[in-house]
Amino acid sequence: GTAQSWDLMTKQYNALESRYALSFSDNPVSVPVHLTSLLEISVMAPLCFWVSYLIVRDGRSSTRYVVELVLATLQIVGTYYFYAPLLFTSAGDRARGFLVSNNPLDFYLRGVFGSVICPLLWIIVPLIRIKSVTREMPIE
């Protein structure tokens, strides 16, 4: 989304979230989406590879649990600062428009799935993992 480098995906990202098409430096409304992408590529992706390695090597290591807790927390925080501006500013008018659209594609895919189901999944699944990890974590 942020790189705008793959035409097919760029078109889909921009249709669902128009802030991706805005410049990071020229438009403050776009800052949350670009910071989310930066967080995902620079911090979360390497941590995902690391936790995958730790699961394969020793699934019950305390390091694995800590890394997974950090990842789940970052997922929740990233979801919050990606969507919070849409809830509290006029930038959310387009997203809210999907929910009242007469176009079934906009309503179901972009409105319900993209603006309601996905954000809920991106918070609920990490919360479930946090609960599971804290229950399973060995105390050393």
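Computed from a prediction, not measured in an experiment: that's the story for all the values here. For the single chain, residues carry numbers from 1 onward in sequence order.
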| request: Mark yes when over 12 heavy atoms from residues, nucleotides or ligands other than I41 sit less than 6.0 Å from its CD1; otherwise mark no. | output: no
| request: Please name the pair of heavy atoms, one in R19 and one in H34, separated by the smallest distance, quoted to 0.1 Å. | output: O-NE2, 3.7 Å
| message | Run Y65 and R60 through side-chain hydrogen bond (donor to acceptor under 3.5 Å, both in side chains) and show every step you take. | response | CA-CA 8 Å; Y65 291 112; R60 306 232 357 117; 3.1 Å; yes
| said: Please say yes or no: joined through hydrophobic side-chain contacts below 4.5 Å, possibly via intermediate residues, are V77 and F82 part of one cluster? | reply: no
| message | Check for me, please, whether L38 and W6 land in the same ILVMFWY cluster - side-chain distances under 4.5 Å, paths through other members count. | response | no
| Between OG1 on residue T73 and CZ on residue R129, distance to nearest 0.5 Å | 12.5 Å
| request: Nearest 0.5 Å please: distance from the OH atom of Y83 over to the CD1 atom of I123. | output: 9.5 Å
| task | Answer yes or no: are there more than 12 heavy-atom neighbours, outside F113 itself, under 6.0 Å from its atom CZ? | result | no
| Who pairs with Q4 by side chain to side chain donor-acceptor pair (under 3.5 Å), at least two apart in sequence or on another chain? | N14
| query | Distance only, no hydrogens: is a donor on one side chain within 3.5 Å (strictly under) of an acceptor on the other, for T63 and S61? | reply | no
| field | Contacts of Y20 that satisfy ring-ring contact (aromatic ring centres under 6.0 Å, His included) - sequence neighbours left out | value | Y13
| query | So, for A72 and P126, which heavy atoms are closest and what is the spacing to 0.1 Å? | reply | O-CB, 3.5 Å
| Counting distance only, does the side-chain N/O of T79 pair as donor-acceptor with the main-chain N or O of P119 below 3.5 Å? | no
| task | Just jot down the side chain to side chain donor-acceptor pair (under 3.5 Å) partners of T36, sequence neighbours excluded, or say none. | result | none
| field | Which atom of S37 lies closest to which atom of T2, heavy atoms considered | value | OG-OG1, 2.8 Å
| message | When you group the ILVMFWY residues by side-chain heavy-atom contacts below 4.5 Å and let the links chain together, are V43 and L69 in the same group? | response | no
| note | When every non-hydrogen atom of L35 is compared with those of Y81, the smallest separation belongs to O-OH, 3.4 Å
| request: With sequence neighbours left out, write down each residue that passes side chain to side chain donor-acceptor pair (under 3.5 Å) with T134, or none if nothing qualifies. | output: none
| task | Can you measure from CZ (F49) to CG (L54) and round to the nearest 0.5 angstrom? | result | 13.5 Å
| message | Rounded at 0.5 Å granularity, tell me how far OG in S52 sits from CD in E68. | response | 9.5 Å
| field | Co-members of L109 in a cluster of I, L, V, M, F, W and Y side chains, linked at under 4.5 Å | value | L105
| query | What pair of heavy atoms forms the shortest contact from M44 to L71, and how long is it? | reply | O-CD2, 3.6 Å
| field | Contacts of S5 that satisfy side chain to side chain donor-acceptor pair (under 3.5 Å) - sequence neighbours left out | value | none
| note | Exactly one candidate in I124, I130, V125 meets side chain to side chain contact (heavy atoms under 4.5 Å, CB included) with I76; the answer is I130
| message | Rounded to the nearest 0.5 Å, what separates atom CD in Q75 from atom CD in E40? | response | 7.0 Å
| request: State yes or no: do L39 and Y80 share one hydrophobic cluster built from I, L, V, M, F, W and Y residues joined by side-chain heavy-atom distances below 4.5 Å, directly or via other members? | output: yes
| message | Donor-acceptor check, side chain of R64 to backbone of G59, threshold 3.5 angstrom: yes or no? | response | yes
